[in-house]
There are 2 protein chains.
Amino acid sequence: MDKSTQQIENGMQQVQGVGSVHTDLATESAHAGELKPRTSRPRGQIPTKERLLEAAGEVFAEKGFRDATVRDICARAGANIAAVNYHFRDKESLYAATFEHVQQFEQEHYPLDAFESSGTPQERLVAFIRIMCLRLFDRGRPSWHIKLMTREMIDPTLVMDAIVVKSIKPKFEILTNIVGENLGLPARHDVTEMCAASVIGQVVHYHHCREVTKRLCSGWQEGTTFIDDLVSHVAWFSLRALDGIRADVAAGRAPSGNPFMCPAASKGAHDGGRGG
Amino acid sequence: MDKSTQQIENGMQQVQGVGSVHTDLATESAHAGELKPRTSRPRGQIPTKERLLEAAGEVFAEKGFRDATVRDICARAGANIAAVNYHFRDKESLYAATFEHVQQFEQEHYPLDAFESSGTPQERLVAFIRIMCLRLFDRGRPSWHIKLMTREMIDPTLVMDAIVVKSIKPKFEILTNIVGENLGLPARHDVTEMCAASVIGQVVHYHHCREVTKRLCSGWQEGTTFIDDLVSHVAWFSLRALDGIRADVAAGRAPSGNPFMCPAASKGAHDGGRGG
DNA sequence: GGCAATATCAAACACCTGTTTGATTGCGAG
DNA sequence: CTCGCAATCAAACAGGTGTTTGATATTGCC
């Protein structure tokens, strides 16, 4: 680990006799087609680099970074074992590239302004929840995207900070705005942020613990209306919660309006901010 | 993986010339002291097997099954490399034994009836949430327990089914009872179960995504009142949600009482962007 | 003491890992 | 054609892995 980390931080300082071009890729394959491949494509029309990236995503998501083997990835991509070290620097760089690939995919297929729907605050929250669920449980699109991100959430590696800033934070800010409107509180308020986390938590939990829930709940199979049922429930639960909290805040109950304040938490809380 | 799986299913069929006693351990160390060790304890008073188990838990939680190395575990336990294969069958059996160790620990230190507090349904739900949070964020007690379980939730291995049955299911049933009381619905009702999942989801999410939340929310540090704040919020959010849902159900709104039923519940378009 | 069982140990084993090497192919340019 | 370049390939390399081995203490029992 230390070695690879150092390699990344030092950038590409290595010099080799032959080829080995692992360019930044995120930018390159974005404006793809710029550099002309001088060789024909022996294996279908998709270039090896992209095949590697896709295969790597699948394997990394399925097995995790360490369990995934370069041999497996190359085999799935129909490429030689040396392909990873040629097109990317090493296994870890391929891993990072995979995340950039996902993030780039999201920017293309899931533009942020999709969240910015119109309507009442309630409708906007439902819309947000639906889009989030659709993306999480989106069949037909590479399923390893979410799994890969999930792994990174649970035990973060180097790439996590980038993900939070690029991928999560903007969505979270949209959500806090919507939740804030539903609460009648500013988006930055502690109560607003925690309520937003509660909304996300429900959705994410249903995705994380699918395997557990499947074995736990009786009539809770992933049928055709599964996603819609999920959206309906989370929306129902969350909107009713926000309604109640809004009323509590308006009535000025307890510190921050929370009537269920822990008796043990009587001393100065970290926030101190109260609504309105 | 196939090989090890087969080993486990076939039980301990191997025959060796010398020692190698990897007994079931869960039962053995439960009624510990029954079999008398014929040797002194060269390395402190704690027997090697227990030291191995504790070290294994830490390492497995920290690195995951594959990343964890037997050498590392043995080093932390102050034992020889062969100790794992002697006391347990192999690395995978040690992994399974670690989970039994956790489950046994929970049974001893966290009896289930702690959840069965008295009081109003509201108070009981708050109590449940508090106990759950306390266990999740319990400092001072081996922190790797939760991390190990979390890993298993995300990508399940063979031990997961046992965990669900022994560890999760009983707690979940207690929760559905409490939630059912708050809703005025039976514990087995779909709405009840999904609401229970929503409660759990909030708590678990705050634990899973600590690293994300830390980088996302302004005044959301893990201070001294962190757990109490968390309990307060989840209780607040959940109880207000249950209040609202109970009223909706009583008023007989929409199917299952959910007024936020998806209108698009028929088709399964994955994107669409805007909601209604 | 003699004996068997328990437990520990250093060393080796067989295997798999990521990575590198050097040759080879296909192509465009001079 | 010839050269250089990008891309691919089979083969090997160096290191780490889980596991096994055979020896060696240490104990309890006869």
Between C:dT6 and B:His87, is there an OP1 or OP2 to side-chain N/O distance shorter than 4.0 Å? no
In whole angstroms, the gap separating P of D:dT19 from CD1 of B:Ile73 amounts to 10 Å
A:Leu94 CG to C:dT17 P, in whole Å, measures 16 Å
Of the candidates C:dT19, C:dT8, D:dT19, the side chain of B:Thr48 sits closest to C:dT8
Which of A:Lys171, A:Lys166, A:His101 passes side-chain hydrogen bond (donor to acceptor under 3.5 Å, both in side chains) with A:Glu106? It is A:Lys171
Taken to the nearest whole Å, OH/B:Tyr86 to P/C:dC9 is 12 Å
In whole angstroms, the gap separating P of D:dA7 from CD of A:Glu50 amounts to 12 Å
Across all chains, not counting sequence neighbours, the salt bridge (Lys or Arg N to Asp or Glu O under 4.0 Å) partners of A:Arg151 are B:Asp155
By ring-ring contact (aromatic ring centres under 6.0 Å, His included), B:Phe60 pairs with (sequence neighbours left out) B:Phe65, B:Tyr95
A:Glu92 atom CD is separated from C:dT17 atom P, nearest whole Å, by 18 Å
Does a donor on one side chain and an acceptor on the other come within less than 3.5 Å for A:Gln202 and B:Ser198?
yes
A:Lys91 atom NZ is separated from C:dT17 atom P, nearest whole Å, by 9 Å
Of D:dT20, C:dT19, D:dG18, the nucleotide closest to the side chain of A:Asn85 is C:dT19
Those residues at least two apart in sequence (or on a different chain) that pass salt bridge (Lys or Arg N to Asp or Glu O under 4.0 Å) with B:Lys63 are B:Asp72
Here the distance between atom P of C:dT6 and atom NZ of B:Lys49, to the nearest Å, is 12 Å
Rounded to whole Å, CG of A:Asp67 lies from C1' of D:dG18 at a distance of 14 Å
Applying ring-ring contact (aromatic ring centres under 6.0 Å, His included) to A:His205 and not counting sequence neighbours gives none
Across all chains, not counting sequence neighbours, the ring-ring contact (aromatic ring centres under 6.0 Å, His included) partners of B:Tyr110 are none
Distances under 3.5 Å only, N/O to N/O: pair up the protein atoms with those of nucleotides 10-12 of chain C.
{"from": "C:dA10", "atom 1": "OP2", "to": "B:Asn80", "atom 2": "ND2", "distance (Å)": "3.3"}
{"from": "C:dA10", "atom 1": "N7", "to": "B:Asn80", "atom 2": "ND2", "distance (Å)": "3.3"}

